[in-house]
Amino acid sequence: MFGRPSHVPAVLTSAQAARLLHSRWLTEALASPRPLPSVPVVPVDEGGFSLVTGTPLGRAWVEAWWTRILDQVHANLEPAGSS
């Protein structure tokens with residue numbers, strides 16, 4: 001899903017690899033028709049995301065979203081051929 005572009009060197013530092021993965025993920029996420037949660041302007045402990053996390057369905061949606069996203073990230077960090 002996130003192949004190496006031809007202009008990216010074969011050997012990257014950890015920081016370069018993280019920035020590239022994050023950039024590619026954001027590009028993919030923003031191009032996707034799937035809904036994305038907004039970034040709260042209020043910290044969570046002060047009520048940010050309370051409209052979503054205030055219901056069982058909302059909490060389930062958030063948990064499912066993070067599970068899916070982190071599974072994608074982990075899948076893209078594994079070396080080819082490993083599972």
Side-chain angles (χ1 to χ4, degrees):
M1 178 182 202
F2 298 122
R4 182 174 57 85
S6 59
H7 69 278
V8 175
V11 178
L12 300 174
T13 67
S14 298
Q16 289 171 322
R19 283 191 298 273
L20 179 63
L21 178 62
H22 187 242
S23 175
R24 300 287 307 270
W25 180 85
L26 281 174
T27 300
E28 182 79 18
L30 293 173
S32 169
R34 292 180 285 194
L36 299 172
S38 62
V39 175
V41 294
V42 177
V44 171
D45 61 352
E46 294 176 18
F49 277 124
S50 62
L51 291 176
V52 175
T53 59
T55 68
L57 182 60
R59 288 189 296 276
W61 178 78
V62 170
E63 184 174 339
W65 187 88
W66 277 110
T67 298
R68 181 171 45 88
I69 295 309
L70 294 175
D71 286 348
Q72 289 176 9
V73 170
H74 292 142
N76 284 292
L77 293 176
E78 293 177 359
S82 69
S83 290

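- Looking only at distances, no side-chain donor or acceptor of Glu46 sits under 3.5 Å from a matching main-chain atom of Pro43.
- Residues forming a side chain to side chain contact (heavy atoms under 4.5 Å, CB included) with Ala29 (at least two apart in sequence, or on another chain): Trp25, Leu36.
- With Thr27 contributing its side chain and Ser23 its backbone, the two residues share a donor-acceptor pair below 3.5 Å.
- The line from NE2 of His22 to CG of Leu26 is 4.0 Å long, rounded to the nearest 0.5 Å.
- When the side chains of ILVMFWY residues are joined at heavy-atom separations under 4.5 Å, either directly or via intervening members, Trp65 and Leu30 end up in a single hydrophobic cluster.
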